[in-house]
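Heads up: the structure comes next, in C-alpha cells.
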4 protein chains.
Amino acid sequence: MSPRSKSQIEEMREKSIRKIYDASLELFASKGYEATSISQIAKKAEISKGLIYNYFDSKLDLLKGLMDSFSTVEAEMMTKVVDEDPRKFLENIFRVFFLELRERSGIWKMIASLSLQKDMYEFIHDMALEKLIVYYELLEQLLDQIGIENPKGEAKLLAAMFDGIGMHYIVISNEYPLDEVEDYLINKYCKHEKLD
Amino acid sequence: MSPRSKSQIEEMREKSIRKIYDASLELFASKGYEATSISQIAKKAEISKGLIYNYFDSKLDLLKGLMDSFSTVEAEMMTKVVDEDPRKFLENIFRVFFLELRERSGIWKMIASLSLQKDMYEFIHDMALEKLIVYYELLEQLLDQIGIENPKGEAKLLAAMFDGIGMHYIVISNEYPLDEVEDYLINKYCKHEKLD
Amino acid sequence: MSPRSKSQIEEMREKSIRKIYDASLELFASKGYEATSISQIAKKAEISKGLIYNYFDSKLDLLKGLMDSFSTVEAEMMTKVVDEDPRKFLENIFRVFFLELRERSGIWKMIASLSLQKDMYEFIHDMALEKLIVYYELLEQLLDQIGIENPKGEAKLLAAMFDGIGMHYIVISNEYPLDEVEDYLINKYCKHEKLD
Amino acid sequence: MSPRSKSQIEEMREKSIRKIYDASLELFASKGYEATSISQIAKKAEISKGLIYNYFDSKLDLLKGLMDSFSTVEAEMMTKVVDEDPRKFLENIFRVFFLELRERSGIWKMIASLSLQKDMYEFIHDMALEKLIVYYELLEQLLDQIGIENPKGEAKLLAAMFDGIGMHYIVISNEYPLDEVEDYLINKYCKHEKLD
DNA sequence: GATGAATGAGACTTCATTCAT
DNA sequence: CATGAATGAAGTCTCATTCAT
C-alpha cells in the first residue's frame, strides 16, 4: 500500500519545501511580499500552486515558515562566532555580518522591509524586536569587556550602524564600498587598545 | 463665464489633494504602498475613489506626487539648518533629524520602506540614491572642518547611524530611548574639541 | 436683467450644439460610440463636460440628436437630386452617394456600424430600416421607369451594392478605386439603352 | 504524479474555451465588442469571471482567439466549395455565403461591425483587408472564366453585393427575402450562357 | 449659459485559495 | 504527494452624470 518509505516521503517533503523557500525568498526580496503572487512562486519553484497549500496554510503562513527557517541558520551561525577574546568575538560578528550582507542581501532586505511594517505583520515585528534586544545586549557586553566608555549607548549606535550600512548597501549596491567600510570598522572597534 | 472663480477652484483642488496626500501618507507608512488600496485612501480621506483619479493618473503617480511634496518641505528645512560653525551646523542637522523622526516618522518609514525595493520603484531608488550622496558629502565636509580623522569614512558611518537609528526607532517605537540617543550623539560629535 | 437678446442666446446655443455634434461625429466615427467618452467629446469641442448636459439628457440622447441632424441634411440633398429623366435621376443618386462617401465617410461609417447593432440601439435600427425601405422603393421605381427587368430584385441588389461599396471603401480606404467603381457603375446603369 | 490525465485536462480546457467562445460570439454579435463586459460573458457561459483569464490574457486577446477560431472553420469550408466548372464553383460560393448568413449571422455581423472600426482594432482590419483581397481575386478569376466582360470591375461589385446583402439582412432580418435574393442571384450569375 | 469638482457604479484584471482527480 | 482548473473577492481605473457656483 505504501510504495514509498517514510524517509523517502520525508525527503520529498523537504525537497519541495526547500524549493518553495528558495523561490519565495528570491521573489519576496526583489519585489516584496505583497507584490509577489503564489503563482509566481510556484512557477519559479517549478511546482504547482496547489502543492504550496499542502505545506502552508496561507501565503502569510509561508512567510512565517520562511522567516523561521532563517532563525535556525542564524542560531548555528552564532555558535561559530563566539570567542573568549571580546575583540575577536566582536570582529567575528562584524565579519559575519558583512559576509551575510554580501552573499545573502536578499534575506537582509526582506526582513528589513517587513520590519518597517509592524502594523501589518506583527509576528515580523516581534521577531525583529526580540532580535534587536539580543543584539543590543550582546554588543553592550562585548564593548564593556573591551573597556569602552558608555557601552550601553555605544552598543545602540553600533547596532544602528550595522542596519544603516545594510540599508545603504541595498540602495547603492555595487557602488557601495562595503570592503572599505568593513575594514575601517574592524580597525576602529577591534584593533586599538581604546576606541573612544 | 466661469461659475467659480479661478482661486476658488484652485482652493478646492488644493484641499482635495491635501486630503489625499494626508490619507496616503498615513496608510503607505503603516501598511506599505502595495498593501494600501485606493479605496482605503478614499475612505480615510473622506472622498470618492474617482476623485483621486481627477488629480493623479494612477496609484503610482500619486506616490510620486506625494514624494515630490516632501522634497519641497525638505529643501526649506535645509536652509534653516546652515550655520557658519561646523559644530553648530552638525548639531542642527542632528536636531532636525531627530525632530523629524519624532514628529513625522511616517514619512521616514515610507521612504525607507520603498527605498529597499529599488527593483520595483526605480524613481524612488533614484531619489534615495541622490539624497544619500548629498548627505555623505555634506557630512564629510562638516566632519573635515571639525577636524575629524578620515572624514570620508566617518561620514558614511554617521549617515548609516542616522538611518539605523531610524529603523530601530520604527521597530521599537515608544520603548526606544530617542532622547538619550540624541543627547549622546550630539555630545559625542558636536561638543568636544576632538572626537576620535 | 437680460444682457443678451433672445437671438444672441439662440445663436450661442446653436454654436455650442454644432461644436458638440462635430466633435461627437469625429469621435464616434473613428472610435465608435461606446469607446468615446463624454470627456473626450468635451475636450475636442473645447467646451466643458457640463455644457453637454445642458443640451442633451444623456450620451444616448446626444447620439439621437446627431443622427437626427443628418436627416435634415439628407432631406435637403434628396430634393436636389430629383430629375424628370429617370436615368439622370439615378445618376444623380450615384454621384451624391459617392460624393458623400468620399467627403463624409465618417457619417456613413458611424451609421453603418450602429445599424449592425440593432439589439442595442433600437432607434438607430428603426431609422436604418425606414431609410432602407425608402431606398428600395425609390430605386425600384427608377429601374422600372428605365425599363429594367425585375426591378424589385435589381433594386435590392443595387442598394446592397451601395452599402457593400461603402464597407469596402472603409476597410480599404485610400487603396480602394472609388473613382473607377463610380464611373463603371454609372456607365452600366445609367448610360446604355438596356442594362440587363 | 499527475492527478488528472493529460487528455482529461485538455478536455476540460476545450470545454471551457468553447463555452467562452460561444458566449462571447453571441454577445459581441448582438451588442458589440465594446458594449459587452467580461461579467456578461462569464454569466452567459456559466463560469466565473476569473476563469476567462486562465485562458485569455485580456478581453482583446479573447476577441483575437475567437476570430482565429473562425479562420480554421472558414478554410475548411473553402475546400468544399471548389469545382472545375466555374459556374458551379461560383454557385457553391453563393450557396455557402447565404447558408452562413442564415445560420451564423452572428459571426458575419461581428466581423463586419469590427471591420468598420479599423482605427481601433488593427488586427481586425488587417484580417478583413486580407480576406477582401482574396475574394476579389477569386471572383475575378471565376467571372473571367465564365466569360464576363470586365471581370475585375464586376468582381468588386459582386463582392460588395455580398456584404451589402449581409448588412441589409442584419438590419431587416426576418423580413428580408433572403431566399428570393439567393435564387435571383444564382440565376443571374450562374445559369445563363452570358450575363452582361 | 457655462464650468469642472465630485460621485459611484461598473469595467477589466489579479490572485489567494479550494478541490476533484 | 501532486496537479491545475475553477472560484470570487478585491484591486485599479473609467466614465456618465450631478451640482454648486
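Labels below follow one simple rule: chain letters A, B, ... track the order of the sequence lines, proteins then strands, and each chain is numbered from 1. No experiment lies behind these values; they were computed from the predicted model shown.
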On DNA chain F, more 5' by nearest nucleotide between C:A35 and D:G50 is D:G50
Between A:S16 and F:dA2, is there a side-chain N or O to OP1/OP2 distance below 4.0 Å?
-> yes
Give a yes/no answer on whether the side chain of A:K59 brings an N or O atom under 4.0 Å of OP1 or OP2 in E:dA16.
-> yes
Nucleotide F:dT17, atom C1' - distance to CG of C:L51 in whole Å | 14 Å
5′-ward residue of the pair D:E34/A:D57 relative to DNA chain E | D:E34
Determine yes or no for a side-chain-to-main-chain donor-acceptor pair under 3.5 angstrom, with C:S113 supplying the side chain and C:M110 the backbone.
-> no
Between D:E11 (CD) and E:dA20 (C1'), how many Å, whole number?
-> 14 Å
Quickly work out the A:D61 CG to E:dA16 C1' distance and round it to whole Å.
-> 13 Å
Would you mind telling me which residue lines up with the more 5' stretch of DNA chain F, A:S48 or C:S39, judged by nearest nucleotide?
-> A:S48
What integer distance in Å separates C:K19:NZ from E:dA2:C1'?
-> 11 Å
Is it true that a side-chain atom of C:H125 and a backbone atom of C:Q117 form a donor plus acceptor pair closer than 3.5 Å?
-> no
Salt-bridged, B:R18 to B:D22, with N to O below 4.0 Å?
-> yes
Kindly say if C:Y53 contacts the phosphate of F:dC19, meaning a side-chain N or O under 4.0 Å from OP1 or OP2.
-> no
Establish whether the base of E:dG10 is bridged to the side chain of B:K49 by a donor-acceptor pair shorter than 3.5 Å.
-> yes
Scanning all shown strands, the Watson-Crick or wobble mate of F:dT21 with both distances under 3.5 Å is E:dA2
Just how far, in rounded Å, is P of E:dC12 from CZ of D:F28?
-> 9 Å
Given the options A:K43, A:K44, A:K31, A:E26 meets salt bridge (Lys or Arg N to Asp or Glu O under 4.0 Å) only with A:K44
Is atom CD of B:Q8 surrounded by more than 12 heavy atoms (other residues, nucleotides or ligands) closer than 6.0 Å?
-> yes
When the ring centroid of B:Y21 is compared with that of B:F70, is the distance short of 6.0 Å?
-> no
So, is B:Y55 near the phosphate of E:dA6, with a side-chain N or O under 4.0 Å from OP1 or OP2?
-> yes
How would you label the contact of B:I52 with the nucleic acid (heavy atoms, under 4.0 Å): base, sugar-phosphate, or nothing?
-> nothing
From CD of B:Q8 across to C1' of F:dA20 the rounded distance in Å is 10 Å
Whole-Å gap separating P (F:dA16) and OH (C:Y33) = 8 Å
So does C:N54 get a side-chain nitrogen or oxygen closer than 4.0 Å to the phosphate oxygens (OP1/OP2) of E:dA2?
-> no
With sugar-phosphate meaning primed atoms plus P, OP1 and OP2, does B:I38 contact a base, only sugar-phosphate, or nothing at under 4.0 Å between heavy atoms?
-> sugar-phosphate
Nearest-Å distance for atom pair CZ/P, residues A:R18 and F:dC1 = 18 Å
Which nucleotide, F:dT12, E:dA2, F:dA6, lies nearest any side-chain atom of B:S37?
-> F:dT12
